[in-house]
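One structure below.
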Amino acid sequence: MIRQKSFENESSCLYLVATPIGNLSEMSPRAIEVLKSVDVIAAEDTRNTMKLLRAFEIKTHCIAHHSYNETESSEGILNLLRIGKNVAIVTDAGYPLISDPGQVLVQLAAKEGFNIIPISGSNAALAALVASGLCAQPFMFYGFLPVKENDCLHKLEELKKVPVTLIFYEAPHRIEKMLKRCLEVLGDRNATLARELTKKHEEFLRGTLSELIEVASDLKGEMVVVVEGAKIEEEVNMSMDELLEEVEHFIHEGYRVKEAIKETAQKFNVSKNELYAAYHQNHK
Ligand code: SAM
């Protein structure tokens with residue numbers, strides 16, 4: 001086990017800095033302070049990050065840390081940490097690692113015992129979830145579904161029985177297809193599409209998957225889809241004898257036969273008529 005007391009040791013620090021998802025006011029004072037104080041900022045796209053740095057007068061040296069060369073680029077960043085430099089990683093928006101680069105680096109840095117320090121801020125998934133109007137807990141963040149049809153349908157089949165709210169990211173040019181695939185596999189569940197979060201044209205569409213599909217082709221911008229989880233159906237694996245014992249139990253508590261059967265049927269989601277027939281068969 002490696003135990004990290006973030007602010008009580010001399011090891012180098014790898015800061016994971018969340019940046020705004022569209023509204024610069026969501027840049028936290030702590031994020032600015034960290035980005036100013038580190039030796040190097042490793043960015044998903046240095047051109048995008050330079051705009052952010054300029055807006056907050058941050059002059060720290062910025063290097064690239066792309067997702068397509070994450071292993072190679074992680075090694076370079078680890079070398080900086082090894083020689084005592086503090087590094088911050090940022091992506092174009094939101095949290096690093098969340099459908100963004102950073103996973104490989106964090107795992108390697110954790111193994112070597114460097115301090116890995118999160119700097120909180122905006123995240124599209126959580127912003128969409130809490131305002132979705134759907135059950136906020138428990139939830140599962142999936143991110144982008146696979147683009148290839150078969151892979152996507154297969155993944156949705158796996159998610160079909162998961163009884164928690166599901167959160168997906170999707171690009172505007174794929175949203176209609178993605179919603180149709182969700183409808184095909186998950187059924188017509190309640191869902192919320194959150195668009196352009198924190199920006200001027202922020203919009204929430206709360207309805208069912210089929211209602212979202214009707215307008216999907218007109219939707220532009222960045223979007224998150226929050227989908228209601230599978231309904232939990234009480235599994236009844238009780239035998240008829242056990243159900244009849246339950247009926248007797250209710251009768252013993254003072255219920256009349258008819259009421260006892262009704263209560264038992266409701267409690268275990270079984271047919272009242274079948275239970276009634278079995279009871280009278282036993283009491284002939
Ligand atoms: N790291 C980011 C985070 O923490 O949310 C996510 C980055 S991922 C590459 C980009 C996707 O996040 C977009 O395609 C969209 O699904 C979602 N997203 C990012 N910003 C958004 C916004 N302002 N409104 C809605 N969705 C957004």
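This one's a predicted model, so the numbers in the text were calculated from it and none came from an experiment.
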* Taking only Lys NZ, Arg NE, NH1 and NH2, and the carboxylate oxygens of Asp or Glu, determine whether Glu184 and Lys180 approach each other closer than 4.0 Å. => no
* To do: Sort and list the pairs that fulfil salt bridge (charged side-chain N to carboxylate O under 4.0 Å, His left out) and have at least one residue in residues 104-131, not counting sequence neighbours.
  => Arg82-Glu112
* Structure fact -> Interatomic distance, OG@Ser73 vs CG@Leu105, rounded to 0.5 Å, equals 7.5 Å
* Shortest non-hydrogen contact from Lys272 to Ala265? -> CA-CB, 3.8 Å
* Any chance CD of Glu57 has more than 12 other-residue heavy atoms, nucleotides or ligands included, within less than 6.0 Å? -> no
* Does atom CD of Glu72 have more than 12 heavy-atom neighbours, drawn from other residues, nucleotides or ligands, at distances under 6.0 Å? -> no
* To do: Nearest 0.5 Å please: distance from the CG atom of Asp39 over to the CG atom of Leu80.
  => 8.5 Å
* Between the side chain of Glu70 and the main-chain N/O of Val104, is any donor-acceptor distance below 3.5 Å? -> yes
* Please answer whether the main-chain N or O of Gly121 pairs with a side-chain N or O of Tyr95 as donor and acceptor at a distance below 3.5 Å. => yes
* Do Met178 and Cys182 come within less than 4.5 Å of each other through their side chains, counting heavy atoms only? -> yes
* Spell out, yes or no, whether Ile63 and Met50 are grouped together once hydrophobic residues are joined by side-chain heavy atoms under 4.5 Å, including indirect joins. => no
* **Step-by-step side-chain contact (heavy atoms from CB on, under 4.5 Å) determination, Leu126 to Phe139** => CA-CA 10 Å; Leu126 285 180; Phe139 71 86; 3.8 Å; yes
* Same cluster or not: are Val226 and Val130 linked, directly or through other Ile, Leu, Val, Met, Phe, Trp or Tyr residues, by side-chain heavy atoms under 4.5 angstrom apart? -> no
* **pair Glu33-Ser28: side-chain heavy atoms closer than 4.5 Å** => no
* Leu197 to Ala127 - nearest heavy-atom pair and separation -> CD1-CB, 4.2 Å
* To do: Mark yes when over 12 heavy atoms from residues, nucleotides or ligands other than His283 sit less than 6.0 Å from its NE2; otherwise mark no.
  => yes
* Taking the side chain from Glu157 and the backbone from Leu153, do they hold a donor-acceptor pair closer than 3.5 Å? -> no
* Asked: Under 6.0 Å from the NZ atom of Lys220, do we count more than 12 heavy atoms belonging to anything else shown?
  -> no
* With distance as the sole test, does Gln4 use its side chain to make a donor-acceptor pair with the main-chain N or O of Ile116 at under 3.5 Å? -> yes
* For the side chain of Asp188 and the backbone of Leu209, is there at least one donor-acceptor N/O pair under 3.5 Å apart? -> yes
* Asked: What distance do Leu81 atom CG and Leu14 atom CG have between them, rounded to the nearest 0.5 Å?
  -> 5.5 Å
* **Under 3.5 Å: donor-acceptor pair, side chain of Glu170, backbone of Phe144** => no
Run the side-chain donor-acceptor check on residues 86-93: report pairs under 3.5 Å with partners two or more places apart or on a different chain.
residue: Asn86; atom: OD1; partner: Cys13; partner atom: N; Å: 2.8
residue: Thr91; atom: OG1; partner: Ala93; partner atom: O; Å: 3.2
residue: Thr91; atom: OG1; partner: Asp100; partner atom: OD2; Å: 3.0
residue: Asp92; atom: OD1; partner: Asn48; partner atom: ND2; Å: 3.4
residue: Asp92; atom: OD2; partner: Asn48; partner atom: ND2; Å: 3.1

* **Worked verdict on Lys148 versus Asn150 for side-chain contact (heavy atoms from CB on, under 4.5 Å)** => CA-CA 6 Å; Lys148 284 193 190 152; Asn150 277 350; 5.8 Å; no
* Between CG of Asp218 and CD1 of Ile175, what distance do you get to the nearest 0.5 Å? -> 12.5 Å
* To do: Taking the side chain as every heavy atom from C-beta outward, state whether Phe56 and Leu24 have any pair of such atoms under 4.5 Å apart.
  => yes
* Backbone N or O of Glu228 within a donor-acceptor pair of the Arg189 side chain at under 3.5 Å? -> yes
* Asked: Side-chain contact, heavy-atom cut-off 4.5 Å: Ile98 with Tyr169?
  -> yes
* Short side-chain to backbone donor-acceptor contact, Gln266 and Glu263, under 3.5 Å -> no
* **Test item: Arg206 side-chain N/O and Ala131 main-chain N/O as donor-acceptor pair under 3.5 Å** => yes
* To do: Report yes if some heavy atom in the side chain of Tyr142 is under 4.5 Å from a heavy atom in the side chain of Leu166; otherwise report no.
  => no
* Taking it one step at a time, do Ile117 and Phe7 satisfy side-chain contact (heavy atoms from CB on, under 4.5 Å)? -> CA-CA 9 Å; Ile117 302 175; Phe7 310 109; 3.9 Å; yes
* For residues Thr49 and Glu44, determine if any side-chain heavy atom of one lies less than 4.5 Å from a side-chain heavy atom of the other. => no
* Asked: For the hydrophobic clusters of this structure (ILVMFWY residues joined by side-chain heavy atoms under 4.5 Å, transitively), does one cluster hold both Met223 and Leu205?
  -> yes
* To do: Would you mind reporting whether Met240 and Leu275 have side-chain heavy atoms less than 4.5 Å apart?
  => yes
* Asked: Taking all atoms of both residues into account, what is the closest heavy-atom pair of Gly143 and Ser99, and its distance?
  -> CA-OG, 3.8 Å
* Salt-bridge contact Glu259-Lys262 (side-chain N to carboxylate O under 4.0 Å) -> no
* Would a distance-only check, ignoring hydrogens and angles, find a side-chain to backbone donor-acceptor pair under 3.5 Å from Thr165 to Cys135? -> yes
* Asked: Is it true that the side chains of Asn23 and Ser25 contain a donor and an acceptor less than 3.5 Å apart?
  -> yes
* Asked: Are Leu108 and Phe114 co-members of a hydrophobic cluster defined by side-chain heavy atoms under 4.5 Å apart?
  -> yes
* What are the two closest heavy atoms between Ala18 and Ala31, and how far apart are they? -> O-CB, 4.3 Å
* Side chains of Glu253 and His249, donor plus acceptor under 3.5 Å -> yes
* To do: Considering non-hydrogen atoms only, spot the tightest contact between Ile32 and Met27 and give its length.
  => CG1-CG, 3.8 Å
* Can you name the residues that form a salt bridge (Lys or Arg N to Asp or Glu O under 4.0 Å) with Arg195, not counting sequence neighbours? -> Glu203
* Hey, mind stepping through Glu26 and Thr198 against side-chain contact (heavy atoms from CB on, under 4.5 Å) and telling me if it holds? -> CA-CA 9 Å; Glu26 290 199 341; Thr198 76; 3.4 Å; yes
* When the ring planes of His280 and Tyr276 are compared, do they come out parallel, tilted or perpendicular, using 30° and 60° as the limits? -> tilted
* Asked: What's the shortest heavy-atom distance between Leu243 and Thr264, and which atoms?
  -> O-CG2, 3.7 Å
* Under 4.5 Å between any side-chain heavy atoms of Val215 and Leu193, yes or no? -> no
* Using the rule that two of Ile, Leu, Val, Met, Phe, Trp, Tyr join whenever any of their side-chain heavy atoms come within less than 4.5 Å, decide whether Ile119 and Ile21 are in one cluster. => no
* Structure fact -> Rounding to 0.5 Å, atoms CD1 (Ile261) and CZ (Phe250) come to a distance of 11.5 Å
* **More than 12 heavy atoms from other groups under 6.0 Å of NE2 on His154** => no
* Interatomic spacing from CG in Asn190 to OG in Ser132 - rounded to 0.5 Å -> 10.0 Å
